[in-house]
Protein chains: 2
Amino acid sequence: MVNIGDVARAAGVARSTASYALSGKRAISDEVRDRVHRAARELGYTPNAGARALATSQTRVIGLLAQFLPDEFAPAMLQYIQGVTDSARDAGYDILLSSDPDGPGALGRITDSRMVDGIVLLNVAADDDRLPVLRAAPQPGALVGLPRDCTGVDVFDLDFEESGRVMVEHLHALGHRELILVSQPEHVIERGGAYVWRLQDAAVEAAASRGLTLHTVHGSSEQPRIGRELHALLDAHPEATGLLLNNEAAAAALPTVLHERHRSAPADLSVVGRYSDEFARTFSLPFSSIESAPDRLGRMAVRQLVRRIEKQVSAEAPHVVRFVSPELVDRGSTAPPLGQQ
Amino acid sequence: MVNIGDVARAAGVARSTASYALSGKRAISDEVRDRVHRAARELGYTPNAGARALATSQTRVIGLLAQFLPDEFAPAMLQYIQGVTDSARDAGYDILLSSDPDGPGALGRITDSRMVDGIVLLNVAADDDRLPVLRAAPQPGALVGLPRDCTGVDVFDLDFEESGRVMVEHLHALGHRELILVSQPEHVIERGGAYVWRLQDAAVEAAASRGLTLHTVHGSSEQPRIGRELHALLDAHPEATGLLLNNEAAAAALPTVLHERHRSAPADLSVVGRYSDEFARTFSLPFSSIESAPDRLGRMAVRQLVRRIEKQVSAEAPHVVRFVSPELVDRGSTAPPLGQQ
DNA sequence: CAGGTTCATCGAACCGGTTCAACATCTCAA
DNA sequence: TTGAGATGTTGAACCGGTTCGATGAACCTG
């Protein structure tokens with residue numbers, strides 16, 4: 001392969017001159033600069049990434065640590081990844097993807113070997129065991145998801161509290177007084193998915209302060225089962241007129257369940273979910289929902305990370321904890337309850 | 001960060017000795033080897049990836065070029081990625097993921113800068129414009145998907161011809177004589193998705209040789225629309241008793257469509273699809289299907305690629321074109337046609 | 001016209017590994 | 001006792017970039 005020495009020789013200059021001509025970090029005469037650029041182009045010169053990383057201790061690669069969990073919905077995960085890769089490319093970075101089940105181990109290896117300039121962590125749990133490793137690493141880190149302790153990293157997440165309130169307020173404003181909230185299964189909470197509580201607690205409080213009844217339940221994340229659970233739930237609470245879904249499997253199953261019960265939204269039941277627009281499109285879900293915008297969160301994380309890498313914010317600058325405010329996408333699945341139109 | 005010089009000094013040996021002690025590439029006395037290993041452990045030494053790549057011209061990174069197409073179903077794409085990352089990790093490689101819409105450009109940059117030891121290409125089109133770039137690169141390449149010209153690369157794909165035949169034969173054996181095949185939309189074919197033809201042509205031939213009627217149609221890939229198209233199709237061919245689906249959107253929409261028509265499979269219509277088991281699980285699809293096993297294809301591609309990288313097969317060894325034979329997963333959605341049980 | 005600036009270029013050192021050739025020591029056979 | 005061979009260790013070179021300090025030429029200024 002052609003290296004910078006070949007380019008220099010072809011242009012009749014020193015190696016250092018060729019480097020300066022290509023990087024523009026020192027004044028070079030127009031004539032020499034053109035000669036070098038022409039030589040580089042004609043020889044098809046591309047700098048060797050390893051050598052450049054060694055010399056500059058910058059790799060222009062961002063590490064992306066995801067965990068592919070079997071009960072996590074693929075469309076959302078792919079959207080995170082897409083947001084991250086797209087904005088990384090826009091900023092001139094490549095993505096090193098790891099899905100190693102041993103998160104801390106993979107993270108330590110990647111950071112210690114200096115393969116990356118920064119790290120993005122997906123599926124962050126409340127007590128994420130990758131966080132101590134990330135804090136000890138010399139590279140900056142950005143998280144998607146809210147851990148208990150945010151020191152030393154930039155954090156981005158949907159505002160789940162506000163999401164819970166918005167869902168309740170929306171149905172309350174229409175006149176509903178008996179609501180059901182279907183959350184994620186308990187094992188999601190156990191592995192650190194605190195966002196389930198964040199939404200649920202805020203919803204419960206919002207309902208209480210308005211004198212509404214709110215039944216909360218943890219639904220399954222497996223497909224045939226959640227359907228049966230929804231049937232049982234609707235049987236148990238015939239008086240409920242509003243259904244809140246913070247559980248993708250439940251949202252995917254609900255159209256069939258309603259069909260089987262010869263019910264429809266919003267005529268018999270007002271429904272509002274919490275999932276991404278992409279998810280809704282994939283499953284052609286007809287329910288209004290809080291848009292969780294995974295790609296936007298991925299973009300935000302990368303943008304802030306790049307700012308830190310390129311020292312546009314000082315290393316001592318306070319770290320960011322930013323919550324994306326929820327946006328209710330109205331798909332017409334909510335209306336005043338029966339007998340109140 | 002601690003480098004091999006620090007380790008050598010702590011162990012009281014030369015840099016080269018430390019290197020040999022850690023790599024085991026030369027005989028080193030037990031005593032010195034232990035001293036070096038202990039020093040490395042105590043100092044927390046991790047080799048610098050850039051320096052090692054520069055010295056060995058090996059990066060232990062595999063480039064993964066995917067294209068996130070808006071009408072491609074996320075679960076399948078994620079499964080490819082998962083198969084690739086998992087088997088790469090097992091072989092001791094990391095993954096550099098690119099989703100650049102400019103495939104040839106990104107590929108050339110990654111290979112020329114020597115960031116990777118090999119390349120895996122996903123969503124390979126019949127005349128894929130990344131292929132000339134890949135053939136010109138010094139690194140070996142493995143494809144998932146069948147291009148027109150397979151020279152210089154290893155190729156892995158589902159056997160779509162056999163899949164078409166299996167679907168037809170399965171329904172024929174049950175006694176069906178009037179079939180419908182719903183394929184992917186035409187724009188998928190136009191951008192190089194030759195697999196659509198491969199399945200369809202084989203199905204047509206299999207039907208013809210058995211004296212069966214097979215109506216073929218290209219369905220949409222968008223969600224509300226494909227449902228209406230299925231209705232129209234079933235209206236137009238009331239005599240058809242068997243439905244073949246090579247279109248994920250159609251498979252996802254069919255349960256609702258059948259429900260709306262007060263029909264069910266296999267009582268009124270025998271249905272067999274072609275999609276991955278993961279896809280079926282995500283959508284809880286009740287139809288028997290040809291398992292397309294994207295993770296298995298990703299694994300096979302990486303394994304062969306690693307063999308080439310590590311010279312376990314010579315560079316002159318003939319390249320592989322391997323078709324995974326289809327496997328029919330019986331979910332009970334096919335039966336003899338009405339009046340023939 | 002001496003002396004100080006500015007500009008363009010160059011040589012050498014450095015980043016952190018790996019690897020080759022050389023060398024010292026020890027063993028064993030002749 | 002000499003010499004060949006095996007064993008363990010070392011210094012130096014190299015991979016391909018970047019960057020620092022030095023140098024020489026051209027230009028100004030007084």
Side-chain angles (χ1 to χ4, degrees), chain A residues 1-37 39-40 43-61 109-117 138-139 310, chain B residues 1-37 39-40 43-61 109-117 138-139 310:
Chain A
M1 209 67 202
V2 37
N3 61 35
I4 202 169
D6 301 332
V7 173
R9 197 166 333 113
V13 297
R15 246 154 45 97
S16 51
T17 305
S19 175
Y20 285 125
L22 291 172
S23 71
K25 290 189 182 174
R26 272 200 188 177
I28 294 286
S29 67
D30 291 358
E31 197 236 322
V32 168
R33 185 159 33 75
D34 289 354
R35 275 215 318 271
V36 170
H37 274 105
L43 297 175
Y45 167 70
T46 309
N48 179 303
R52 176 172 277 177
L54 182 56
T56 62
S57 40
Q58 284 232 4
T59 62
R60 299 206 73 87
V61 174
R109 199 175 47 73
I110 289 172
T111 53
D112 287 354
S113 65
R114 297 291 161 85
M115 300 180 83
V116 299
D117 293 342
Q139 297 97 336
E310 301 182 349
Chain B
M1 209 68 204
V2 37
N3 61 34
I4 201 168
D6 300 331
V7 173
R9 197 166 331 111
V13 298
R15 247 154 44 98
S16 51
T17 308
S19 176
Y20 284 125
L22 291 172
S23 71
K25 291 191 183 172
R26 275 205 186 174
I28 294 285
S29 67
D30 291 357
E31 198 237 321
V32 168
R33 183 158 35 74
D34 289 353
R35 275 216 316 274
V36 170
H37 274 105
L43 297 175
Y45 167 70
T46 310
N48 179 302
R52 178 171 274 178
L54 182 56
T56 63
S57 38
Q58 283 231 5
T59 62
R60 298 206 74 85
V61 174
R109 197 175 47 73
I110 288 171
T111 53
D112 286 354
S113 66
R114 297 290 160 88
M115 301 180 82
V116 299
D117 293 342
Q139 297 97 334
E310 301 183 349

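Here is the naming used below: chain letters follow the sequence lines, and residue numbers restart at 1 for every chain.
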Would you kindly give the [atom1]-to-[atom2] distance between [X] and [N], to the nearest whole Å?
| X | N | atom1 | atom2 | result |
| --- | --- | --- | --- | --- |
| A:L22 | C:dT9 | CG | C1' | 15 Å |
| A:D6 | D:dC15 | CG | C1' | 13 Å |
| A:N48 | D:dC14 | CG | C1' | 13 Å |
| A:E31 | C:dA8 | CD | P | 12 Å |
| A:D34 | C:dA8 | CG | P | 13 Å |
| A:I4 | D:dT18 | CD1 | C1' | 8 Å |
| B:Q58 | C:dT18 | CD | P | 12 Å |
| A:R33 | C:dC7 | CZ | P | 15 Å |

Rounded to the nearest 0.5 Å, how far apart are [atom1] of [X] and [atom2] of [Y]?
| X | Y | atom1 | atom2 | answer |
| --- | --- | --- | --- | --- |
| B:D112 | A:M1 | CG | CE | 4.0 Å |
| B:H37 | B:R33 | NE2 | CZ | 7.0 Å |
| B:L54 | B:N48 | CG | CG | 10.0 Å |

Task: Comparing B:L54 and B:A18 on DNA chain D - which has the more 5′ nearest nucleotide - done: B:A18
Task: Where B:Y45 and B:V2 come nearest, the two heavy atoms and their spacing - done: CD1-O, 3.6 Å
- [ ] Would you mind classifying the nucleic acid contact of B:A14 as base, sugar-phosphate or nothing, using non-hydrogen atoms under 4.0 angstrom?
- [x] sugar-phosphate
Distances for protein N or O near nucleotides 19-23 of chain D N or O, under 3.5 Å:
from, atom 1, to, atom 2, distance (Å)
D:dT19, OP2, A:K25, NZ, 3.0
D:dC20, N4, A:Y20, OH, 2.9
D:dG21, N7, A:R26, NH2, 3.4
D:dG21, O6, A:R26, NH1, 2.4
D:dG21, O6, A:R26, NH2, 3.1

- [ ] Could you check which of C:dG16, C:dA8, C:dC10 has an atom nearest any side-chain atom of A:S29?
- [x] C:dA8
Open item on the list: Side chain of B:N3, heavy atoms from C-beta onward: which of C:dG16, D:dG17, D:dG8 has the nearest atom to it?
Closed with: C:dG16
Task: Short side-chain to backbone donor-acceptor contact, B:T59 and B:M115, under 3.5 Å - done: yes
Task: Residues which pass salt bridge (Lys or Arg N to Asp or Glu O under 4.0 Å) with A:R60, listed by chain and number, not counting sequence neighbours - done: A:E310
TODO: Establish, with yes or no, whether the OP1 or OP2 oxygen of C:dG16 is under 4.0 angstrom from a side-chain nitrogen or oxygen of B:R52.
DONE: no
Atom pairs and distances, donor-acceptor, side-chain atoms in residues 5-19 of chain B, under 3.5 Å, two or more places apart:
from, atom 1, to, atom 2, distance (Å)
B:D6, OD2, B:N3, N, 3.0

